[in-house]
Asks: 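Have a look at this one.
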Amino acid sequence: MVYSYFPGCTLRAKAKGFESSTLASCEVLGVCLEELEEWQCCGATFPLQIDNSFPLVSPTRTLASAKKAGRELVTLCSACLNVLKRTNHVIREDLDKREKVCAFIEEDYSGEVEVLHFLEILRDEIGFEALARKVVAPLSGLPVAAYYGCLLLRPPEEVGIDDPEAPKVLEDFLLALGCDPVDYPYKTECCGSYVVLQPGEPAMSPSRLVVESAKSRGAKVIVTSCPLCQFNLDYAQSGSVERGENAVPVVYFTQLLAAALGFGEEILQFDGHIVPPGLIFQSVGVGGCGGLT
Amino acid sequence: MKLSREVIHTEDKRKLQDISGEEILSCYQCGKCSAGCAMTSAMDLLPHQVIRLLQLGQVQEALDSKTIWVCASCLACSARCPRGMSLPNVMESLRSTFLRPGDRCLNPAEIPYELLEIVPEQALVAAFRKYT
Ligand code: SF4
Ligand code: SF4
């Protein structure tokens, strides 16, 4: 299974563990992610102004570069997925914008590329049953809250990789690893996103609600596929470990995947996490990661 | 407030509709958007109230609200709106009305250094897209 791969900026900087855990797992699963020869930042948010085509330029360049590679394009970051898929949709449906953007970047692109999230590869290509057979260090009974947030699901007509109100792809994935997914009402709520940079921390209250809700259902860890969700949910718990409060680590779903496939700390790369995730693995006694703190 | 055709149908409102691609009058004020919005605790006007102000031509009042800067473009409201209104597009058109003349709502120099050191790049790119 060979796919083109768009890492995006954050995976090369603050979310290195997201990428290293994925690439290591891919080797075990027989998936080859070939990085695009040319790519640039997707812009992180899809433009909501219909009279301005300029923010479509950079994601369209990436899509055109994937067309040359001739394969489906895989992303890990939910924001990259959202921007690339929505841009692809505009290029397919809106002839005026397609002409304008393609003339500007001097490329011939009309939406030929399929953009996929890595979760879709696990679900639709490998299959969760086959995945379960590859697990060597099952995270048996670990109560995990799947946090979808916005970008994997909305808008459902253009992006949604699952039902927008009652998704289950992450829960099915967690079951394959032996985890015990917890159900809680905030899994598709917004974490506050870029509003975290507004003074006065207006974004912290939605993040806290998500974390509290997951905790109240017994979650010991939260998984996500968005670096900004990871940060916001983690940041909302700043100081709680020091205060001796019950804190829940927030990790990328691929970090649990790699742990279940037997990889250790050097691959999972938890640097930068605020609530230390190593503790959760000690509690389930996973071999490769038992010593993590 | 005395309402008249002139008060309700302003040039500013027409511009907002051009930028957002949304017909403001299509909203029938059911409140579903506000009921499900994750950011309301930091808002001074609820999302459906912003739309109501625009329906009545009160563009400046909407522009002056905190709400437009607190909206996280999460699309929960638009995914659920029974009228198919993309309220986040309207929020963005209001932000654009403020930003396009060259104003900004986020000064990089004022982001606390401790936050800047740990925040993911995605947040910075997104915030500069939305606030400058
Ligand atoms: S959900 Fe739609 S129709 Fe209802 S108040 Fe909000 S924007 Fe208006
Ligand atoms: S897009 Fe904005 S207004 Fe709509 S639910 Fe999200 S934060 Fe609230």
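Naming convention: chains lettered A, B, ... in sequence-line order (proteins, then strands); numbering from 1 in each chain.
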Asks: Any salt bridge between A:E165 and B:R80, counting N to O under 4.0 Å?
Replies: yes
Asks: Is A:R98 salt-bridged to A:E93, going by a charged N under 4.0 Å from an acidic O?
Replies: no
Asks: Does any backbone or side-chain atom of B:Q17 lie under 4.5 Å from a heavy atom of chain A? Answer side chain, backbone, both or neither.
Replies: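 Neither part.
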Asks: What part of A:Y235 gets within 4.5 angstrom of chain B, counting heavy atoms only: side chain, backbone, both, or neither?
Replies: side chain
Asks: By a 4.5 Å heavy-atom criterion (distance strictly below it), what part of B:F128 contacts chain A: side chain, backbone, both, or neither?
Replies: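 Neither; nothing under 4.5 Å.
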Asks: Can you see whether A:H273 engages A:Q230 through a side-chain donor-acceptor pair at a distance of less than 3.5 angstrom?
Replies: yes
Asks: Would you mind checking which part of A:P156 comes under 4.5 Å of any heavy atom in chain B, side chain (CB onward), backbone (N, CA, C, O), both or neither?
Replies: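 Contact with chain B is through the side chain of A:P156 alone.
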Asks: Working to the nearest 0.5 angstrom, can you tell me the gap between A:K97 NZ and A:T87 OG1?
Replies: 10.5 Å
Asks: Give the member of A:P199, A:P55, A:P164 that has the highest number of heavy-atom pairs under 4.5 Å with chain B.
Replies: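 Most heavy-atom pairs under 4.5 Å with chain B: A:P55.
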Asks: Please look at A:C41 and chain B and tell me whether the side chain, the backbone, both or neither of the residue comes under 4.5 angstrom of a heavy atom of that chain.
Replies: side chain
Asks: When you check the gap from the basic side-chain N to the acidic O, do B:E61 and B:R52 get nearer than 4.0 Å?
Replies: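 No, no charged N to carboxylate O under 4.0 Å.
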Asks: Can a salt bridge be assigned to the pair A:R61 and A:E38 using a cut-off of 4.0 Å between side-chain N and carboxylate O?
Replies: no
Asks: Tell me, for A:A15 versus chain B, whether the close heavy atoms (under 4.5 Å) come from the side chain, the backbone, both or neither.
Replies: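 The answer is neither part of A:A15.
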Asks: Among B:V70, B:L116, B:I111, single out the residue with the greatest number of heavy-atom pairs under 4.5 Å to chain A.
Replies: B:V70
Asks: Hey, what's the ring geometry for A:F54 with A:F104, parallel, tilted or perpendicular (30° and 60° as the breaks)?
Replies: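 Ring orientation, 0 to 90° scale: perpendicular.
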Asks: Any carboxylate oxygen within less than 4.0 angstrom of a Lys/Arg side-chain nitrogen, looking at A:K168 and A:E171?
Replies: no
Asks: Among A:C226, A:S193, A:A13, which residue has the highest count of heavy-atom pairs closer than 4.5 Å to chain B?
Replies: A:A13
Asks: Looking at B:P120, B:A38, B:A123, which one has more heavy-atom pairs under 4.5 Å with chain A than the rest?
Replies: B:P120
Asks: Among B:V119, B:V125, B:L106, which has the most heavy-atom pairs under 4.5 Å with chain A?
Replies: B:V119
Asks: Quick check for you: to the nearest 0.5 Å, what is the distance between A:N232 atom CG and A:T224 atom OG1?
Replies: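 Spacing of CG (A:N232) from OG1 (A:T224) equals 10.0 Å.
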Asks: Do A:D271 and A:K14 sit within salt-bridge range, that is, some charged N less than 4.0 Å from a carboxylate O?
Replies: no
Asks: If I measure from the heavy atoms of chain A, does B:C37 come under 4.5 Å with its side chain, its backbone, both, or neither?
Replies: neither
Asks: Please classify the contact between B:D18 and chain A as side chain, backbone, both or neither, with a heavy-atom cut-off of under 4.5 Å.
Replies: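 Only the backbone of B:D18 comes within 4.5 Å of chain A.
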Asks: B:S73, B:A42, B:S96: which one forms the most heavy-atom pairs within less than 4.5 Å of chain A?
Replies: B:S73
Asks: Please flag which part of A:E189 lies under 4.5 Å from any non-hydrogen atom of chain B: side chain, backbone, both or neither.
Replies: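 Contact with chain B: side chain only.
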